[in-house]
Asker: 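The structure's right below; bear with me while I get my questions together.
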Amino acid sequence: MLFFEDLWQMLWFEGFQDQTRLLSESIVRTVSESMGNSSCSVSELELCRDDSAALNFKLIAIASILTSGVLGIAIPLFGRHRRFLKTDGNLFVATKAFAAGVILATAFVHMLPDGSKALSDPCLPEFPWSKFPFSGFFAMMASLLTLLVDFVGTQYYERKQGQIRLKEETNRVGSGLDSGLEAGILPAADSNVKVFGEEDGGGMHIVGMHAHAAQHRHSHPQGKDACDGHVTLHDHGHGHSHGLDGDDDESGVRHVVVSQILELGIVSHSVIIGLSLGVSHSPCTIRPLIAALSFHQFFEGFALGGCISQAQFNTLSTSLMAVFFAATTPIGIAIGAAISSTYNPNSSGALVAEGILDSLSAGILVYMALVDLIAADFLSKRMSCNFRLQIVSYCTLFLGAGLMSLLALWA
């Protein structure tokens with residue numbers, strides 16, 4: 001009896017192994033077929049195909065989109081030195097709300113539907129691409145990963161900024177002691193009295209000492225008084241401030257992280273739209289895209305330029321980020337035009353790559369638009385204290401989202 005049971009288990013296990021092997025081979029074969037470069041039969045031929053005219057329109061598109069991108073990102077970068085376009089002005093806040101609406105509509109109306117369309121294309125195998133909403137899944141994962149990168153990046157830059165302040169305070173305290181000794185001022189010799197900030201281990205805790213300067217006052221704006229400019233003064237014996245400089249530093253750190261993540265999301269989508277336009281042979285397709293993408297590039301550049309200007313990068317970093325953004329789509333168009341004779345946008349590999357990148361870009365931009373652009377400005381004390389600015393900003397936000405959504409009729 002035991003022999004037959006062992007034989008049955010062995011046969012069942014071998015059968016299970018065979019089934020597992022067949023299933024794994026089927027999955028591998030399906031995925032490899034879906035990622036292959038074999039072309040899919042195109043149901044709709046381009047009736048307006050004209051290679052020479054399409055090439056001329058591509059050159060016009062490169063010039064137009066490059067100019068729009070340069071202007072869009074340059075206005076906030078150079079305008080921060082002008083009164084009417086300073087990053088702390090109401091005009092800049094309202095225009096940035098318009099750009100945030102453009103980015104939000106780009107993600108929801110352009111990228112996410114394009115990614116869903118590509119990943120559910122009939123040219124792809126039914127399994128697994130039609131069995132699961134991959135576009136929404138990739139967008140969700142991109143948003144969550146952006147949150148993680150946002151958090152880790154902010155922590156990193158805050159820690160780095162704290163180390164810089166610690167070093168500056170150490171040098172300042174050290175130079176103050178040296179000047180005191182040169183002036184003949186000697187410290188008290190009482191070894192039982194601890195100097196403020198001295199730890200039990202004998203080390204000196206420097207961070208925050210500048211906030212505990214002698215006889216300083218600080219204010220606590222509360223409620224409506226904070227909007228009206230009235231403050232309540234509190235005088236402490238040792239007088240300390242509550243992180244006004246720290247708030248500025250934290251805001252600067254946020255702008256550094258936001259600008260870098262926002263550029264990543266915008267650039268990844270710019271590659272796709274540049275290649276899509278570059279490989280097209282139809283002037284009827286390219287012509288409306290020129291105006292639509294120029295508009296799109298200008299306001300994306302304005303939003304990104306505003307974040308870069310608020311982050312206060314050095315000149316080299318600012319220039320590199322601006323050039324990288326402005327040149328990505330034109331370079332994508334040029335690459336698409338160069339490979340248009342061999343590249344098949346309807347191949348399975350191209351559809352999968354386009355769908356995944358569009359979905360990931362949509363997730364990144366949805367997070368950035370809602371959390372770091374819209375919420376950061378609309379939930380700020382400055383917005384809540386200025387009713388007129390609220391009305392104008394909401395109008396420009398919906399206007400930007402509406403106009404960018406309208407462009408989906410052509411692009």
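Side chains included, hydrogens not; waters and symmetry mates left out as well; all remaining heavy atoms used. Residues: numbered from 1 along the sequence shown.
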Asker: Is the CD atom of Gln390 crowded by more than 12 outside heavy atoms at less than 6.0 Å?
Answerer: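 Result for CD/Gln390: enclosed.
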
Asker: On the 0 to 90° scale, with breaks at 30° and 60°, tag the His296-His110 ring pair as parallel, tilted or perpendicular.
Answerer: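 It falls in the tilted class, 30° to 60°.
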
Asker: Which is it for Ile266 and Leu365 under the side chain to side chain contact (heavy atoms under 4.5 Å, CB included) test, yes or no, and what are the steps along the way?
Answerer: CA-CA 7 Å; Ile266 292 175; Leu365 293 188; 4.0 Å; yes

Asker: Going by atom type alone, with no hydrogens or angles, which donor-acceptor pairs under 3.5 Å involve a side-chain atom of residues 136-149 and a protein atom two or more places apart or on another chain?
Answerer:
| residue | atom | partner | partner atom | Å |
| --- | --- | --- | --- | --- |
| Ser143 | OG | Ala139 | O | 3.1 |
| Ser143 | OG | Gly363 | O | 2.9 |
| Thr146 | OG1 | Ala142 | O | 2.6 |

Asker: As an exercise, state the distance from CG of Leu289 to CD1 of Ile65, rounded to the nearest 0.5 Å.
Answerer: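 Rounded to the nearest 0.5 Å, the CG-CD1 separation comes to 8.0 Å.
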
Asker: Say you draw a straight line from CG of Asp121 to OG of Ser130; how long is it, rounded to the nearest 0.5 Å?
Answerer: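 Result: 9.0 Å between the selected atoms.
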
Asker: Around atom CZ of Phe132, are there more than 12 heavy atoms of other residues, nucleotides or ligands at under 6.0 Å?
Answerer: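 Correct, the count exceeds 12.
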
Asker: What pairs with Asp51 under salt bridge (charged side-chain N to carboxylate O under 4.0 Å, His left out), at least two apart in sequence or on another chain?
Answerer: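 If we apply the salt bridge (charged side-chain N to carboxylate O under 4.0 Å, His left out) test to Asp51, skipping adjacent residues, the hits are Arg49.
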
Asker: Any side-chain to backbone donor/acceptor pair from Ser361 onto Asp358? Under 3.5 Å, distance only.
Answerer: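 Such a contact is absent between Ser361 side chain and Asp358 backbone.
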
Asker: Counting N and O atoms only, with roles assigned by atom type, does the side chain of Thr396 sit under 3.5 Å from a partner on the main chain of Ser393, one being a donor and the other an acceptor?
Answerer: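 Checked: pair present.
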
Asker: Quick one: closest heavy-atom pair of Ala107 and Pro113, and the distance?
Answerer: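 Heavy-atom minimum between the residues: O-CD, 4.4 Å.
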
Asker: In Å and rounded to the nearest 0.5 Å, what is the CG to CG distance from Leu360 to Leu112?
Answerer: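 Leu360 CG to Leu112 CG: 11.0 Å, rounded to 0.5 Å.
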
Asker: In a table with atom names and distances, give each donor-acceptor pair under 3.5 Å that connects a side chain of residues 325-335 to protein atoms at least two apart or in another chain.
Answerer:
| residue | atom | partner | partner atom | Å |
| --- | --- | --- | --- | --- |
| Thr328 | OG1 | Phe324 | O | 2.4 |
| Thr329 | OG1 | Ser270 | OG | 3.4 |
| Thr329 | OG1 | Gln297 | NE2 | 3.4 |

Asker: Which pair of heavy atoms, one from Ile73 and one from Leu77, lies closest together, and at what distance?
Answerer: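 That closest heavy-atom pairing would be O-CG, 3.1 Å.
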
Asker: With sequence neighbours excluded, tell me which residues meet salt bridge (charged side-chain N to carboxylate O under 4.0 Å, His left out) with Glu168.
Answerer: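 None.
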
Asker: Got a second to check how far Leu399's CG is from Tyr394's OH, nearest 0.5 Å?
Answerer: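 The OH atom of Tyr394 is 16.0 Å from CG of Leu399, to the nearest 0.5 Å.
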
Asker: Would Phe378 and Leu397 count as a side chain to side chain contact (heavy atoms under 4.5 Å, CB included) if you check the C-alpha gap in whole Å, the side-chain angles of each, and the deciding distance to 0.1 Å?
Answerer: CA-CA 10 Å; Phe378 283 78; Leu397 174 66; 4.0 Å; yes

Asker: Determine, step by step, whether Ile273 and Leu293 satisfy the side chain to side chain contact (heavy atoms under 4.5 Å, CB included) criterion, reporting the C-alpha distance in whole Å, the side-chain angles of both residues, the deciding distance to 0.1 Å, and the verdict.
Answerer: CA-CA 9 Å; Ile273 60 177; Leu293 294 182; 4.0 Å; yes

Asker: Considering all heavy atoms of both residues, which atom of Gly72 and which atom of Pro76 are nearest to each other, and what is their separation?
Answerer: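 Gly72 and Pro76 have their closest heavy atoms at O-CD, 3.1 Å.
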
Asker: What are the two closest non-hydrogen atoms of Glu354 and Ile272, and how far apart are they?
Answerer: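 Minimum heavy-atom contact is CG-CG2, 3.9 Å.
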
Asker: Quick one: side-chain contact (heavy atoms from CB on, under 4.5 Å) partners of Ser380, sequence neighbours excluded?
Answerer: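 In terms of side-chain contact (heavy atoms from CB on, under 4.5 Å), with neighbours along the sequence ignored, Ser380 is linked to Arg382, Met383.
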
Asker: Give me each pair satisfying disulfide bond (SG atoms under 2.5 Å apart) with a member in residues 290-360, each pair once, sequence neighbours excluded.
Answerer: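 Of all non-adjacent pairs touching residues 290-360, none passes disulfide bond (SG atoms under 2.5 Å apart).
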
Asker: Run Ile286 and Lys58 through side chain to side chain contact (heavy atoms under 4.5 Å, CB included) and show every step you take.
Answerer: CA-CA 7 Å; Ile286 300 174; Lys58 290 174 188 177; 3.9 Å; yes

